[in-house]
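Report on the following structure.
The structure displayed is predicted, hence computed values, not measured ones.
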Amino acid sequence: MRIYQLRLDMDINTKIFREHFLQYYRPLCLFALHYLKDIDDAEDTVQDCFMELWRRKDRGVDASGLKSYLYSMVRNRCIDILKKDSLIDSNVQPSDLEEVLSDEECEEWAYDEARMWTAIDSLPEKCREVFLLAKKEGLKYEEIAVRLHISVHTVKNQMSKAIKTVKAGVQKVYLFFFG
């Protein structure tokens, strides 16, 4: 019975950890990107922080303070990387960068962008492709139509649908997380 209980606790911890990972991964990557300016480095940093969090799980982290803990962990790891790469003075402390990079502003921006990308990811494949070609790559509707072998009218319809869905999705995600 004791072994079963231990395994049950581990499953619960794994499930909770996964939920936190899914909730915070993208915003933390965007937050790290403000410091590191490289998406691969940002993702590696966030993954390292989650691995460290998993190693420390037995010590316990107050769930109500987890968000702040993760953001601090990622910020400090980013600063360590910048120091190691000599991109900033090795004597710089996290508090020294507060005027340069406001953690609260970066955190809020990262959450907003993560909500937007979650909404974009929920678009149907073709609709998402049209939307990203227009908004991310800056192509004109005519260029998108030629590239995808569809009419300009179809591009306009897909864009209209995408914009409505993204706006609604951002609002739904925001309401889900922040009530």
Side-chain angles (χ1 to χ4, degrees), residues 11 14-54 66-75 77-79 81-82 85 87 97 100-179:
D11 287 342
T14 302
K15 182 180 178 193
I16 291 169
F17 184 84
R18 178 176 161 67
E19 289 170 4
H20 289 305
F21 180 84
L22 293 173
Q23 180 180 1
Y24 293 118
Y25 180 76
R26 183 175 274 167
L28 286 168
C29 286
L30 294 168
F31 179 70
L33 190 59
H34 284 283
Y35 289 94
L36 303 176
K37 308 295 186 221
D38 180 85
I39 190 64
D40 292 329
D41 290 343
E43 288 178 345
D44 289 346
T45 300
V46 172
Q47 289 170 9
D48 289 346
C49 289
F50 271 103
M51 287 174 50
E52 183 62 27
L53 181 66
W54 180 256
L66 181 63
K67 179 180 170 185
S68 296
Y69 183 77
L70 283 168
Y71 275 90
S72 295
M73 192 179 209
V74 169
R75 182 195 64 230
R77 183 77 49 108
C78 288
I79 291 170
I81 290 168
L82 293 172
D85 293 343
L87 296 175
L97 295 176
V100 177
L101 294 170
S102 164
D103 284 348
E104 291 79 20
E105 289 174 358
C106 288
E107 187 177 320
E108 186 177 318
W109 179 85
Y111 253 85
D112 289 344
E113 188 168 332
R115 283 195 302 268
M116 181 190 67
W117 280 106
T118 299
I120 291 169
D121 289 345
S122 73
L123 291 171
E125 184 179 343
K126 286 293 182 186
C127 188
R128 181 176 56 245
E129 183 177 14
V130 168
F131 182 80
L132 292 175
L133 287 171
K135 297 299 182 183
K136 190 173 180 189
E137 294 187 27
L139 297 181
K140 295 179 181 171
Y141 288 2
E142 295 79 15
E143 295 170 320
I144 296 169
V146 169
R147 183 182 283 191
L148 299 179
H149 308 292
I150 58 177
S151 72
V152 174
H153 183 70
T154 301
V155 172
K156 289 178 183 177
N157 286 340
Q158 291 292 327
M159 283 300 296
S160 175
K161 179 181 177 181
I163 290 169
K164 286 177 188 174
T165 303
V166 168
K167 282 182 181 178
V170 167
Q171 192 172 30
K172 283 180 189 175
V173 171
Y174 181 83
L175 291 173
F176 175 77
F177 283 117
F178 305 104

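When all heavy atoms are compared, the tightest approach of Val46 to Ala32 is CG2-CB, 4.3 Å. Across Ala145 and Ser151, no two heavy atoms sit closer than the pair CB-C, 3.9 Å. Pairing each heavy atom of Lys37 with each of His34, the nearest pair is NZ-O, 2.7 Å.
A salt bridge between Lys140 and Glu143 is absent, with no side-chain N of the basic residue lying under 4.0 Å from a carboxylate O of the acidic one. Using a cut-off of 4.0 Å between Lys/Arg side-chain N and Asp/Glu carboxylate O, Arg26 and Asp121 are scored as salt-bridged.
The distance from the CE atom of Met73 to the CD atom of Glu52 is 5.0 Å, given to the nearest 0.5 Å. Summarising the geometry, atom CZ belonging to Phe21 is positioned 11.0 Å from atom CG belonging to Leu53; distances are rounded to the nearest 0.5 Å. Annotation: the span from His153 atom NE2 to Gln158 atom CD amounts to 10.5 Å, rounded to 0.5 Å. Atom CG of residue Leu133 and atom CZ of residue Arg128 lie 11.5 Å apart, to the nearest 0.5 angstrom. Once rounded to the nearest 0.5 Å, the distance linking CD1 of Ile81 with OG1 of Thr45 reads 3.0 Å. With values rounded to the nearest 0.5 angstrom, Leu33 atom CG is found 9.0 Å from Cys78 atom SG.
Ring planes of Phe31 and Tyr35: perpendicular class, angle over 60° (limits at 30 and 60°). In this structure, Tyr25 and Phe50 have tilted ring planes: the angle between them lies in the 30° to 60° band.
With a 4.5 Å cut-off on side-chain heavy atoms, Leu22 and Phe17 do not count as touching.
Legend: residues meeting side-chain contact (heavy atoms from CB on, under 4.5 Å) with Ile150, ordered by chain and number and at least two apart, are Val130, Leu148, Thr154, Val155.
No more than 12 heavy atoms of other residues, nucleotides or ligands lie within 6.0 Å of CD in Glu125, so this atom counts as exposed by the packing criterion.
A donor-acceptor pair under 3.5 Å is formed between the side chain of Ser72 and the backbone N or O of Ser68.
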Apply side-chain contact (heavy atoms from CB on, under 4.5 Å) to the pair Met159 and Lys156, showing each step before the final yes or no.
CA-CA 5 Å; Met159 283 300 296; Lys156 289 178 183 177; 5.8 Å; no

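Among residues at least two apart or in separate chains, there is no salt bridge (Lys or Arg N to Asp or Glu O under 4.0 Å) pair with a member in residues 42-51.
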